[in-house]
Number of protein chains: 2
Amino acid sequence: MNFITEGIPETVTSIREAAELTGLTEDTIRYYERIGLLPYADRKPNGHRHYSKDQILGIRFLMRLKATGMTLEEMRRYLELTRQGDSSLSERYTLLEAHNDRIAREIARLQETQNVIQYKLSHFRELAENPHQDTPGCESPDS
Amino acid sequence: MNFITEGIPETVTSIREAAELTGLTEDTIRYYERIGLLPYADRKPNGHRHYSKDQILGIRFLMRLKATGMTLEEMRRYLELTRQGDSSLSERYTLLEAHNDRIAREIARLQETQNVIQYKLSHFRELAENPHQDTPGCESPDS
DNA sequence: GTACTACTTGGAGTATGCTCAAAGTCAAGC
DNA sequence: GCTTGACTTTGAGCATACTCCAAGTAGTAC
């Protein structure tokens, strides 16, 4: 048990608890199961879903992929490979590596835009100090 | 004329050219105009849209905001302020600053996920070299 | 005059990703 | 036994952001 697994019991006995631990809503968890993004969850005798700690960790990792721009369909593909076991390791490797590259490009774009915004903000500060200077086209949102 | 404005003629005489210069499709430009995200564009005598260089730059800046996670509705709000002129400067400043903060948090999250992915990739490499070691739970996608 | 191309408008349709509602089951508390 | 609450399934509805289509116009080429 390390910091990653902290706060997750060995078995999670309700969809409500699973929702709390993953940050999803109960409806979303059911929806994901319906579209095959999550495997059909184990049920208790009364039909209610329950989850192992590993399953919760799996969902958390998926949510990380989602939060970084992976679509549900791509995530479904990744999970399909996972279910195929070790034979799919190299394909999974390729997939994750590609996603990592995508993230790197996204970070670069975000930083670029931060620069543009900083430029605009400094321009706004100048305008505030020294209002109404006649620099035509200057207020057009540029770049 | 600096590197930012390079390749943009003083006036852009067709929606097709505007699309090429902004990376949008013609349909998307019309759609944005329809929902009030872009002002009703000037028309030539035959009714066709034309754009000034500043307007193209404006669209490019908007696309940057969009590419970094701003919704069309928020962009519409920002443009509304821009149309109000200098009196809205401080509100626009606040808005852009907030977006900049959001970008910063997004970058942090992306980097965090890069770390997790790197960890998983190195785990995959280990598995490839030394297959089928019995470490239960180890293949569950963690974090 | 006819064809062709590039545009125009308005409206309908689509993809993604949820979100909600209806109707029913099951177990616990009173 | 009845209510309450947490769940179940199925299916419909919704928000965002396009994307496509039909019908029409305007200008040029032959």
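Just so it is clear: chains get the letters A, B, ... in the order the sequence lines come, proteins before strands, and each one is counted from 1.
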What closest approach, in Å, do [X] and [Y] show between heavy atoms, and which atom pair accounts for it?
X	Y	result
A:Ile35	A:Arg76	O-CD, 3.7 Å
B:Ala19	B:Thr25	CB-C, 4.0 Å
A:Met63	A:Thr22	CG-O, 4.3 Å

Could you tell me the separation between the [atom1] atom of [X] and the [atom2] atom of [N], rounded to a whole number of Å?
X	N	atom1	atom2	answer
A:Ile29	C:dG17	CD1	C1'	15 Å
A:Leu62	C:dC18	CG	P	12 Å
B:Arg16	C:dT8	CZ	P	12 Å
A:Glu33	D:dT10	CD	P	11 Å

A:Ser14: side-chain contact (heavy atoms from CB on, under 4.5 Å) partners, not counting sequence neighbours: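 Scan of A:Ser14 (side-chain contact (heavy atoms from CB on, under 4.5 Å), adjacent residues dropped) gives A:Arg16, A:Glu17.
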By side-chain contact (heavy atoms from CB on, under 4.5 Å), which residues pair with B:Ser88, not counting sequence neighbours?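 side-chain contact (heavy atoms from CB on, under 4.5 Å) check on B:Ser88 returns B:Leu81, B:Gln84, B:Arg92.
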Readout for nucleotides 11-29 of chain D: B = base within 4.0 Å of protein heavy atom, S = sugar-phosphate only, - = neither; 5' to 3' it is B-----BBBB-----SS--
Heavy atom of residues 36-44 of chain B under 4.0 Å from DNA chain D: which residues?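 Listed by number, there are none.
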Using a heavy-atom cut-off of under 4.0 Å over every strand shown, decide if A:Ile35 touches base, sugar-phosphate, or nothing.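 Nothing: the residue A:Ile35, judged by heavy atoms under 4.0 Å, touches no strand.
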Where at least one partner belongs to residues 29-38 of chain B, residue pairs that pass side-chain hydrogen bond (donor to acceptor under 3.5 Å, both in side chains), sequence neighbours excluded: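 Residue pairs passing side-chain hydrogen bond (donor to acceptor under 3.5 Å, both in side chains), neighbours aside: B:Asp27-B:Arg30, B:Glu33-B:Arg43, B:Glu33-B:Arg49.
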N or O in side chain of B:Arg49 less than 4.0 angstrom from C:dC7 OP1/OP2: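 Answer no for this pair, as no side-chain N or O of B:Arg49 is under 4.0 Å from OP1 or OP2.
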Mind checking what makes side chain to side chain donor-acceptor pair (under 3.5 Å) contact with B:Glu26, not counting sequence neighbours?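 By the side chain to side chain donor-acceptor pair (under 3.5 Å) rule, B:Glu26 matches no residue at all.
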Is any side-chain heavy atom of B:Leu72 less than 4.5 Å from a side-chain heavy atom of B:Lys66?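 B:Leu72 reaches B:Lys66 side chain to side chain.
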